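All figures in this text were calculated on a predicted structure; none of them were measured in a lab. Position 1 is the first residue of the sequence, and the numbers go up from there.
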Amino acid sequence: MKDDRLSRIFSTLPEDLGEIDDKIHEYHTMAELCFGDEGVLKEYEEREKQIERLQEEVKEEEGSVDRDKQSIDGLKQSWLEPLRKLVDEKVSAKFGEFFRQMNCAGEVRLKENENFGKYGVEILVKFRSSEELQALSAHRQSGGERSVSTMLYLMALQEITKCPFRAVDEINQGMDPANERRIFDLIVQTASQPNTSQYFLLTPKLLQNLNYSPAVRVHIVANGQEMVKYSEWNMDSFLI
């Protein structure tokens, strides 16, 4: 069997010695083209090993990234869930309650983002029944409506921000009389609660016949040649 196979192979070769030498040269050339220079082959093997090492390093780095991501997600949830609860159940609930007392609607939402630096709070309000809740901005609401919203938001924060006093400067400017009266009533109601912060409301004017509580003190700053003497000042007649 082996002799027959060799016979078949030799039968395909040329009989002339010169032609056989040409075939040998041809096969040598083909072998060199297939395998190339030994230096190139060695460089290829080294690059292949380098690629394998880099692939292993990539796998290790990917594992490290996954572990770090899980750690970050865990830390994020540890403060994000309490923050959501604080905004939804306390700030937004109180803000909405104040707005309902004024026959309006309001809501506070936490704005989340993949970039922690872009986290924020969005205030949504509705002053007319025909409208939907809209984000508070200088382009949608009037100056008086923004003043009302700002004041109610500050009051909604009172339960979670402890401070000895709060000063509000001319918050009633731009409000219509009805909203100004409602805001003043809410401020008096809130500031008169026990263990709450002291309020300083600074304003050049107040509406007549406002509701005051025993906890309210009115201080009038006056100056000039026509100023009434302190001994002649009648606070009761002024308030009435």
Side-chain angles (χ1 to χ4, degrees), residues 62 64-176 178-193 195-204:
E62 288 177 345
S64 177
V65 169
D66 290 339
R67 289 190 296 271
D68 291 343
K69 188 176 183 301
Q70 291 176 1
S71 177
I72 291 172
D73 290 341
L75 291 173
K76 178 180 177 181
Q77 292 303 316
S78 68
W79 60 261
L80 182 56
E81 288 302 326
L83 180 59
R84 287 171 177 165
K85 187 175 181 180
L86 179 68
V87 173
D88 294 340
E89 298 182 9
K90 290 192 174 181
V91 179
S92 185
K94 199 68 177 179
F95 185 72
E97 178 185 337
F98 286 143
F99 260 84
R100 283 191 295 273
Q101 294 182 38
M102 299 183 64
N103 297 320
C104 301
E107 185 178 326
V108 179
R109 297 175 184 172
L110 178 65
K111 292 181 65 176
E112 301 180 23
N113 195 287
E114 290 298 323
N115 184 347
F116 294 151
K118 294 183 178 180
Y119 265 66
V121 168
E122 185 178 33
I123 300 175
L124 297 101
V125 296
K126 182 176 75 169
F127 286 91
R128 285 161 285 277
S129 58
S130 60
E131 297 178 347
E132 298 293 331
L133 282 170
Q134 295 180 334
L136 184 65
S137 72
H139 306 290
R140 292 193 178 100
Q141 291 82 23
S142 66
E145 290 171 344
R146 294 198 303 274
S147 295
V148 169
S149 304
T150 301
M151 191 64 223
L152 295 183
Y153 178 67
L154 293 175
M155 293 169 62
L157 292 176
Q158 177 169 302
E159 293 185 1
I160 62 172
T161 54
K162 302 300 181 182
C163 59
F165 66 88
R166 289 178 169 82
V168 183
D169 185 19
E170 298 189 22
I171 192 66
N172 56 338
Q173 298 305 300
M175 293 185 191
D176 61 83
N179 281 334
E180 182 178 348
R181 190 175 298 276
R182 290 170 181 168
I183 289 294
F184 187 84
D185 288 343
L186 287 173
I187 292 176
V188 170
Q189 175 186 339
T190 302
S192 300
Q193 299 297 320
N195 302 319
T196 191
S197 301
Q198 185 178 14
Y199 269 83
F200 290 90
L201 177 60
L202 309 177
T203 177

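- With sequence neighbours excluded, no residue forms a ring pair (Phe, Tyr, Trp, His ring centres under 6.0 Å) with Phe98.
- Between the side chains of Thr196 and Gln158, at least one donor N or O lies within less than 3.5 Å of an accepting N or O.
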What's the verdict on side chain to side chain contact (heavy atoms under 4.5 Å, CB included) for Leu152 and Ile183, showing C-alpha distance, side-chain angles and the deciding distance?
CA-CA 8 Å; Leu152 295 183; Ile183 289 294; 3.6 Å; yes

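- More than 12 heavy atoms of other shown residues, nucleotides or ligands fall within 6.0 angstrom of atom NZ in Lys126.
- Considering all non-hydrogen atoms of both residues, Ser197 and Cys163 come closest at OG-O, 2.6 Å.
- Checked against side-chain contact (heavy atoms from CB on, under 4.5 Å), Pro82 has no partners two or more places apart in sequence or in another chain.
- Side-chain contact check for Arg166 and Thr161: at least one donor-acceptor pair (N or O, by modelled atom type) lies under 3.5 Å.
- Leu186 approaches Gln101 most closely through the heavy-atom pair CD2-OE1, 3.0 Å.
- Salt-bridge check for Arg100 with Glu97: failed, with every basic side-chain N at 4.0 Å or more from each acidic carboxylate O.
- From Arg84, atom CZ reaches atom CD of Glu89 across 12.5 Å, with rounding to the nearest 0.5 Å.
- Between Glu112 and Leu80 there is a side-chain heavy-atom pair separated by less than 4.5 Å.
- Other residues, nucleotides and ligands place no more than 12 heavy atoms under 6.0 Å from the CZ atom of Phe165.
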Apply side chain to side chain contact (heavy atoms under 4.5 Å, CB included) to residues Lys111 and Tyr119 and explain how you reach the verdict.
CA-CA 6 Å; Lys111 292 181 65 176; Tyr119 265 66; over 6 Å; no

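- In terms of heavy-atom proximity, Ser137 sits nearest to Arg146 at O-CD, 3.5 Å.
- Relative orientation of the Phe95 and Phe99 rings is tilted, given thresholds of 30° and 60° on the angle between their planes.
- Residue Glu132 qualifies as open at atom CD: its count of foreign heavy atoms under 6.0 Å is 12 or below.
- Electrostatic pairing of Asp185 and Arg181 does not count as a salt bridge here, judged by no charged N lying under 4.0 Å from a carboxylate O.
- Looking at heavy atoms from C-beta onward, Val91 lies in side-chain contact with Tyr153 at the 4.5 angstrom threshold.
- Counting all heavy atoms, side chain and backbone alike, Leu136 lies closest to Gln141 at CA-OE1, 3.4 Å.
- Remark: Arg182 engages no residue in a salt bridge (Lys or Arg N to Asp or Glu O under 4.0 Å) (not counting sequence neighbours).
- Scanning all heavy atoms of the two residues, the minimum distance from Asp88 to Ser92 falls at O-CB, 3.6 Å.
- Between Glu170 and Pro204, the closest side-chain pair of non-hydrogen atoms falls below 4.5 Å.
- Crowding of Asn195 atom CG: a count of heavy atoms from other residues, nucleotides or ligands under 6.0 Å not exceeding 12.
- Across every non-hydrogen atom of Glu107 and Leu133, the tightest pair is OE1-CD1, 3.5 Å.
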